[in-house]
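Not measured: the values here are computed from a predicted model. Any value given below was found using the heavy atoms of this structure, including those in side chains, with hydrogens, waters and symmetry copies removed.
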Amino acid sequence: MTYGGDDRGRRMPPSGRPRRHQPAQMMPLPGRGSSPYDERTTPMGHGGAERRPGPPPRRPEPPARRPMDDGRPPRRRKRWGFGKVLLTLLTVFVVFLAGVWVYLEFSINRVDALADYSGRPVAAEGTNWLIVGSDSRDGLTPEEQEKLVTGDSKAAGGGKRTDTIMVAHIPDNSTKPTLLSLPRDSQVAIPGHGKNKINAAFSIGGPTLLAQTVEGATGLRIDHYAEIGFGGFAKIVDAIGGVHMCVEKPMEDTMTGIKIEPGCQDLQGPQALGFVRMRHSAATPRSDLDRVANQRKFIGALVSEIGSPGTLLNPFSLFPLLSTAPDALTMDSGDHVHNLVGLALAMRGISSGGVVTTTVPVTSGSAENWDKTKSKLLFDALKNDTEIPDSAILT
């Protein structure tokens, strides 16, 4: 049904009420913000009040996620693995070793023992050490001298003398190292002082004259020098808790009164010093020849004891040894700790037969004169890094 008039033919709602027209609103385009027409239009039901755009609403903060919200167990702190622990321990050990190395390098006593001179033997094969055990009582109190039975230096002729003179030869090839004893009473030419006992060279001119005398008598060029005195020797032995030795016969020195019972035992400082010095005893019928043989045995046992895990891994032995060694030992000014380590490694086979131990061949039990033919064979073998003939070995 249609009606005329103003409706222009449009259909009217059945209620007969006029239809309210709502103002048109522009919808924002997708992907854009508010429409530019927002300020010209008003929302439905707000009349003509002007609306200004406000700040966008704040998004609520998401609630804190608890460790179990994602369904996974909480992360655990990583524990150190075996490899990391081992690497850390190795690093600590290397730092400690470096510290000890530096400490010894700058703490060991030094002396200018090896000097060039006209006619000095040329360097040959291998490396030669001159090892000296002096009767120096420096640093010992009267009580310590009495305990060690060092005797009176004035009664011994004054000055410093050598109870032990050895040449340690380290070859450059697979030949066994050699530890050679030079009897202290050997009659040799001392440069500038005629012929005398070899140990007198040390008393007259110290390490420098002794090294020159040994080079002239043997024809061997000495490359390194090491010296230890009475007190230092005993302190090193005590620092490592003694040295295990097996004594075959009862030993009693009629000169010093030192007694050592037979059997396997740990010799402490005073006993050890008595053992390496003893020659006036029924157990040492060859006098100085037996004494130098005992000295080589003891050095072998001492080196083995120092290099054993029981010493190196035991702080109660290692630290006393490290604190004692610098004062006990004297080296040439050109020597270093790595040279000393090389000597120790070469000599560690003395007890097991890995080192040739011998004395310069002599013509009699007094050990004053060397056998020229046999001693030449011995020295030539050392110069050339060849095996020493059995005829030139004197044990």
Check: Say you draw a straight line from CD of Gln271 to CD1 of Ile260; how long is it, rounded to the nearest 0.5 Å?
Finding: 6.0 Å
Next item on the list: Keeping the roles fixed (side chain from Glu215, backbone from Ile222), state whether a donor-acceptor pair exists under 3.5 Å.
Entry: yes
Margin query: To check you understand the geometry: which heavy-atom pair defines the closest contact between Leu114 and Ala211, and what is its length?
Written below: CD2-CB, 3.8 Å
Item checked: Any Arg279 side-chain heavy atom under 4.5 Å of Asp290 side chain -> no
Next item on the list: Determine whether the side chains of Ser181 and Arg296 contain a donor N or O and an acceptor N or O closer than 3.5 Å.
Entry: yes
Margin query: Any heavy-atom pair between the side chains of Tyr117 and Thr208 that's under 4.5 Å?
Written below: no
Next item on the list: Using only heavy-atom distances, determine whether the side chains of Glu305 and His244 contain a donor-acceptor pair under 3.5 Å.
Entry: no
Item checked: Smallest separation among heavy atoms of Ala293 and Arg286, with atom names -> CB-NH2, 4.5 Å
Item checked: Validation row: Glu261, Val247 side chains within 4.5 angstrom (heavy atoms) -> no
Item checked: Reference residue Ile228; test side chain to side chain contact (heavy atoms under 4.5 Å, CB included); the match among Thr164, Ile236, Val132 -> Ile236
Item checked: Close side-chain approach of Gln265 to Met245, heavy-atom, < 4.5 Å -> no
Next item on the list: Measure the acute angle between the ring planes of Phe233 and Phe298, then classify it against the limits of 30° and 60° as parallel, tilted or perpendicular.
Entry: tilted
Checklist line | Smallest separation among heavy atoms of Ala283 and Pro250, with atom names | finding: CB-O, 3.6 Å
Margin query: Using only atom types and a distance under 3.5 Å, with no angle test, would you say the side chain of His169 pairs donor to acceptor with the backbone of Leu382?
Written below: yes
Next item on the list: List the steps and the verdict of side-chain contact (heavy atoms from CB on, under 4.5 Å) for Met251 and Asn294.
Entry: CA-CA 12 Å; Met251 303 179 70; Asn294 286 337; 4.0 Å; yes
Notebook entry, point to check: With hydrophobic residues grouped by side-chain heavy-atom distances under 4.5 Å, do Leu273 and Met255 end up in a single group?
Noted result: no
Item checked: Close side-chain approach of Thr359 to Pro183, heavy-atom, < 4.5 Å -> yes
Margin query: Closer than 3.5 angstrom, by distance alone: can the side chain of Thr330 be matched with the main-chain N or O of Asn109 as a donor-acceptor pair?
Written below: no
Check: Closest approach of Ile258 and Pro270, non-hydrogen atoms and distance?
Finding: CD1-O, 4.4 Å
Next item on the list: Begin from the C-alpha positions of Thr213 and Val188 and carry the test side-chain contact (heavy atoms from CB on, under 4.5 Å) through to its verdict.
Entry: CA-CA 8 Å; Thr213 300; Val188 297; 3.7 Å; yes
Check: Do the side chain of Lys374 and the main chain of Pro389 share a donor and acceptor less than 3.5 angstrom apart?
Finding: no
Check: Only one of Leu89, Leu87, Thr88 forms a side chain to side chain contact (heavy atoms under 4.5 Å, CB included) with Val85, so which one is it?
Finding: Leu89
Checklist line | Candidates Thr218, Leu180, Val167 - the one meeting side chain to side chain contact (heavy atoms under 4.5 Å, CB included) with Val360 | finding: Leu180
Item checked: Nearest-0.5 Å distance that lies between atom CD1 in Ile190 and atom CD1 in Ile204 -> 4.5 Å
Note to self: For Asn128, is there any backbone N or O sitting under 3.5 Å from a side-chain donor or acceptor partner on Asp223?
What the structure shows: yes
Note to self: I need the minimum non-hydrogen distance between Trp370 and Ser186, along with the two atoms involved.
What the structure shows: NE1-OG, 2.9 Å
Note to self: So does Val276 get a backbone contact from the side chain of Gln295, meaning a donor-acceptor N/O pair under 3.5 Å?
What the structure shows: yes
Margin query: Are there over 12 heavy-atom neighbours, none belonging to Arg348, within less than 6.0 Å of that residue's CZ?
Written below: no
Margin query: Applying a strict under-4.5 Å side-chain criterion to I, L, V, M, F, W and Y, I'd like to know whether Val237 and Ile131 cluster together.
Written below: no
Margin query: Hydrophobic clustering (ILVMFWY, side-chain heavy atoms < 4.5 Å, transitive) - are Leu267 and Phe230 grouped together?
Written below: yes
Notebook entry, point to check: Just how far is it from atom OG of Ser304 to atom CG of Leu302, taken to the nearest 0.5 Å?
Noted result: 8.5 Å
Checklist line | Check against side-chain contact (heavy atoms from CB on, under 4.5 Å), Trp129 and Leu179 | finding: CA-CA 9 Å; Trp129 277 82; Leu179 185 59; over 6 Å; no
Next item on the list: Hey, could you give me the CG/CZ distance between Leu329 and Arg110, rounded to the nearest 0.5 Å?
Entry: 9.0 Å
Item checked: Between CG on residue Asn384 and CZ on residue Phe379, distance to nearest 0.5 Å -> 13.5 Å
Checklist line | Separation of Lys197 NZ from Ser203 OG (nearest 0.5 Å) | finding: 12.0 Å
Note to self: Tell me whether Arg221 is salt-bridged to Asp116, with the criterion being a basic N under 4.0 Å from an acidic carboxylate O.
What the structure shows: yes
Next item on the list: Please confirm whether the backbone N or O of Thr311 pairs with a side-chain atom of Ser317, one donor and one acceptor, at under 3.5 Å?
Entry: no
Margin query: Is it the case that the side chain of Ser375 and the backbone of Lys372 share a donor-acceptor pair, with hydrogens and angles ignored and the cut-off at 3.5 Å?
Written below: yes
Item checked: Any side-chain heavy-atom pair of Val303 and Leu343 under 4.5 Å -> no
Next item on the list: Give a yes or no answer on whether the side chain of Asp332 reaches the backbone of Ala113 with a donor-acceptor pair at less than 3.5 Å.
Entry: yes
Notebook entry, point to check: Is it the case that one hydrophobic cluster holds both Val214 and Val292, taking links as side-chain heavy atoms less than 4.5 Å apart, direct or via other members?
Noted result: no
Item checked: More than 12 heavy atoms from other groups under 6.0 Å of CD on Glu387 -> no
Check: Does Asp172 reach the main-chain N or O of Gly126 with its side chain, forming a donor-acceptor pair under 3.5 Å?
Finding: yes
Next item on the list: Step by step, work out the side-chain contact (heavy atoms from CB on, under 4.5 Å) result for His336 and Glu105.
Entry: CA-CA 6 Å; His336 302 282; Glu105 186 69 46; 2.8 Å; yes
Next item on the list: Walk me through it: do Asp288 and Arg291 pass the test salt bridge (Lys or Arg N to Asp or Glu O under 4.0 Å)?
Entry: CA-CA 5 Å; Asp288 205 34; Arg291 175 166 67 173; 2.9 Å; yes
Check: Within a strict 4.5 Å, meaning less than it, do heavy atoms of the His193 and Leu209 side chains meet?
Finding: yes
Item checked: Side chain proximity check, Val362 to Leu289, heavy atoms < 4.5 angstrom -> yes
Checklist line | Where Tyr103 and Leu322 come nearest, the two heavy atoms and their spacing | finding: CE2-O, 3.4 Å
Notebook entry, point to check: Side-chain heavy atoms under 4.5 angstrom apart, residues restricted to Ile, Leu, Val, Met, Phe, Trp, Tyr: same cluster for Leu318 and Val100?
Noted result: yes
